[in-house]
*Asks:* 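Please find one structure pasted underneath; my questions will follow.
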Amino acid sequence: IEGLIPGLRMPTRHGGPGYIFVGPAFASVVPETNPPTVSITVPSEGMRITNTTALVQGTAQDDTGVVSVEYRLENAGGIGAYLPASGITNWYPDVSWSANVSGLAPGTNTVRVRARDVVGNLSAEHTYSFVSVQMTPLTVLISGYGSVTPDLNGQSLEYGQSITLTAVPNPGSRFVD
């Protein structure tokens, strides 16, 4: 806004009668162009997640106030649309936000977030990648007399992960094809 304020009058400071004339005055407003910042604090970069959803949390800051934080998921299933994150109602100056991200695919999943301030400035996008793993129970069957170590029977293990088991026959027993 730029313009004149003609004939502005203010009372004198000494408290006596009369006014001091202040005139003409100019006012101008400089547009705010500083974008907000946004970060992800949970999960840790590269973390391995076994759930089908991931709780993603972070912070956003801006000198005029943050009005929204959005996130999207990118993985082998595709690139999702930006969705609104949850946060507190007081969006100035620092806010905490969170999102329950669903649609995780086995392997690398990337969450991309961005924030917008009250005048519409958009932050740079911030990304974090983590790995979604599938768990499956292991069944170990022993036919005959002996043992298998370690005892992982019934344990949930990461699908596709290599493990080493050692089979030992009891004394007087042997392995046969």
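Excluded from the calculations below are hydrogen atoms, water molecules and symmetry mates; all remaining heavy atoms, backbone and side chain alike, are included.
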*Asks:* Assess whether side chain to side chain donor-acceptor pair (under 3.5 Å) is satisfied between T59 and Q61, documenting all intermediate values.
*Replies:* CA-CA 7 Å; T59 60; Q61 300 85 28; 3.1 Å; yes
*Asks:* Same cluster or not: are V113 and L83 linked, directly or through other Ile, Leu, Val, Met, Phe, Trp or Tyr residues, by side-chain heavy atoms under 4.5 angstrom apart?
*Replies:* yes
*Asks:* Enumerate the side chain to side chain donor-acceptor pair (under 3.5 Å) contacts for residues 43-58, please, sequence neighbours excluded, ordered by first and then second residue.
*Replies:* R48-E158
*Asks:* For a quick test of reading the model, state the closest non-hydrogen atom pair linking S129 to T110 and the distance between them.
*Replies:* OG-OG1, 2.8 Å
*Asks:* Heavy atoms only: give me the nearest W97-V38 pair and the separation to one decimal.
*Replies:* NE1-CG2, 3.7 Å
*Asks:* Where is the tightest heavy-atom contact between P35 and D62, given as atom of each residue plus distance?
*Replies:* C-OD1, 3.6 Å
*Asks:* Please give me the minimum heavy-atom distance between V101 and Y71, naming the atom from each residue.
*Replies:* CG2-CE1, 3.7 Å
*Asks:* Below 3.5 Å, can you tabulate the donor-acceptor pairs from side chains in residues 141-155 to any protein atom, sequence neighbours excluded?
*Replies:*
{"from": "D151", "atom 1": "OD1", "to": "N153", "atom 2": "N", "distance (Å)": "3.4"}
{"from": "N153", "atom 1": "OD1", "to": "V140", "atom 2": "N", "distance (Å)": "2.8"}

*Asks:* Would you say I49 and Y128 are hydrophobically clustered, going by side-chain heavy atoms of ILVMFWY under 4.5 Å?
*Replies:* yes
*Asks:* Measure across V66 and A115 and return the closest heavy-atom pair with its distance rounded to 0.1 Å.
*Replies:* CG1-CB, 4.3 Å
*Asks:* State whether the side chain of N121 and the backbone N or O of E32 hold a donor-acceptor pair below 3.5 Å, judged by distance alone.
*Replies:* yes
*Asks:* With a 4.5 Å cut-off on side-chain heavy-atom distances among I, L, V, M, F, W and Y, is there a chain of contacts connecting V111 to Y82?
*Replies:* no
*Asks:* Can I get a per-line list of side-chain donor-acceptor pairs under 3.5 Å for residues 162-170, giving both atom names and the distance, sequence neighbours left out?
*Replies:*
none

*Asks:* Of all residues at least two apart in sequence or in a different chain, which pass the ring-ring contact (aromatic ring centres under 6.0 Å, His included) check with F130?
*Replies:* none
*Asks:* For L122 versus P36, what's the shortest heavy-atom pair and its separation?
*Replies:* C-CD, 4.1 Å
*Asks:* Tell me, which pairs form a salt bridge (charged side-chain N to carboxylate O under 4.0 Å, His left out) where one or both residues lie in residues 164-174, sequence neighbours left out?
*Replies:* none
*Asks:* Does the N75 side chain pair with the main chain of G103, one donor and one acceptor, at a distance under 3.5 Å?
*Replies:* yes
*Asks:* Could you walk me through whether T37 and S123 satisfy the side chain to side chain donor-acceptor pair (under 3.5 Å) test, starting with their C-alpha distance in whole Å, then the side-chain angles of each, then the deciding distance to 0.1 Å, before giving a yes or no?
*Replies:* CA-CA 6 Å; T37 59; S123 72; over 6 Å; no
*Asks:* Do V56 and V42 share a hydrophobic cluster, counting only Ile, Leu, Val, Met, Phe, Trp and Tyr and linking them when any side-chain heavy atoms are less than 4.5 Å apart?
*Replies:* no
*Asks:* Please list all pairs passing the salt bridge (charged side-chain N to carboxylate O under 4.0 Å, His left out) test where one or both residues lie in residues 100-117, with sequence neighbours left out.
*Replies:* E70-R114, E74-R112, R112-E125
